[in-house]
Visitor: 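Sharing a structure here in structure tokens format.
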Amino acid sequence: MCRHLAYLGSPRPMSGLVIDASHSLLHQSYAPADMRGGGTVNADGFGLGWYADDDTAARTYRRGCPVWADPSLGSIVGEVVSGCFVATVRNATVGMPVVEAAVGPFVEDRWLFSHNGWVPDWPDSMVGLAADLPTADLLTLPAATDSALLWALVRGRLRKGQGLGDALVEVVLDVTETAPAARLNLLLTDGSTIAATTWTHALWVRDGHDHVIVSSEPLEPGDEAWREIPDHHLLLAQPGAIQVLPITPAPTGSPAATAEDLP
């Protein structure tokens, strides 16, 4: 499956997390440690998404080639300094297109979204949920993939005013009703909060004094500051404020009732 990470905090170059860390996203692309039966490498494209001080919307740089094959990568991640960014490497599901448009993070305005996982029995398992989307959203999907449709489902809820966590959890619960074996590690940010789900894939968080990092795998193996998020949970993260909530339907419409402490 894919790998993704998000950073939120004091502005810093992307390079520290994407290429310089001992188990950086670049390293995870060709030597992942925890794919859980979802392939061996992440060579089907990569993407970067970030916020600049003078922008109201997020920017992205995406390519359909392996991250190690892009000669511009080093200069881009070294020059981009941001207080919030998302980076992804893709392992395409068999039968889905290997094209730049299929690579996360997907973007609209200040929202950046990534999916690590897959939806089985594609596309039949998603026909009912897709039917609820506006026709224009279906006609303008960035790619004919499960991840792009998941983004359309999340984005539709965000447009209606749902919070980041509520939108992710509702989509996870809706999809697993029609595709119970789906793997749905979703990652979303608006530049001020990182929201992410764990649904059969790993996710880790590291909370520093002025920043927070969320990643599919620890960027510094052996660093005890990294904490694993339990499966079937929602993470809501800001520097110094980490919430981990079980993903369960709630009568109030809230995705979860109480936060849980990480081990």
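These numbers were taken from a predicted model, which means no experiment stands behind them. Just so you know, residue 1 is the first one in the sequence shown, and it goes up from there.
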Visitor: If you look at every heavy atom in Thr88 and Val86, which pair is closest and at what distance?
Guide: CG2-CG1, 4.2 Å

Visitor: Hey, does Glu177 have a side-chain heavy atom less than 4.5 Å from the side chain of Leu129?
Guide: no

Visitor: Any side-chain heavy-atom pair from Leu112 and Thr60 closer than 4.5 angstrom?
Guide: yes

Visitor: Determine yes or no for a side-chain-to-main-chain donor-acceptor pair under 3.5 angstrom, with Thr198 supplying the side chain and Pro230 the backbone.
Guide: yes

Visitor: Anything under 30° is parallel, anything over 60° is perpendicular, the rest tilted; go ahead and classify Trp151 against Phe113.
Guide: parallel

Visitor: Determine whether Asp231 and Arg36 satisfy the following criterion, salt bridge (charged side-chain N to carboxylate O under 4.0 Å, His left out), listing intermediate values before the conclusion.
Guide: CA-CA 13 Å; Asp231 198 15; Arg36 304 197 178 190; 5.6 Å; no

Visitor: For the residue pair Arg59 and Tyr61, would you count it as a cation-pi contact if the rule is NZ or CZ under 6.0 angstrom from the ring centre and within 45 degrees of the ring axis?
Guide: no

Visitor: Is Arg3 reaching over with its side chain to a backbone N or O of Gln28, donor-acceptor style, under 3.5 angstrom?
Guide: no

Visitor: I would like to know whether Glu220 and Ser22 meet side chain to side chain donor-acceptor pair (under 3.5 Å); could you show each step before the answer?
Guide: CA-CA 6 Å; Glu220 301 92 2; Ser22 61; over 6 Å; no

Visitor: Under the ring-ring contact (aromatic ring centres under 6.0 Å, His included) test against Phe85, which residue among Tyr51, Trp50, Tyr7 passes?
Guide: Tyr7

Visitor: Just by distance, do the side chain of Glu217 and the backbone of Asp34 share a donor-acceptor pair under 3.5 Å?
Guide: yes

Visitor: Has the side chain of Thr178 got a donor or acceptor atom that lies under 3.5 Å from a matching backbone atom of Ser125?
Guide: yes

Visitor: Verify the neighbour count for atom CG of Asp210: are there more than 12 heavy atoms of other residues, nucleotides or ligands below 6.0 Å?
Guide: yes

Visitor: Shared ILVMFWY cluster between Trp68 and Val98, side chains joined below 4.5 angstrom?
Guide: no

Visitor: What are the two closest heavy atoms between Ala130 and Leu138, and how far apart are they?
Guide: O-CD1, 3.5 Å

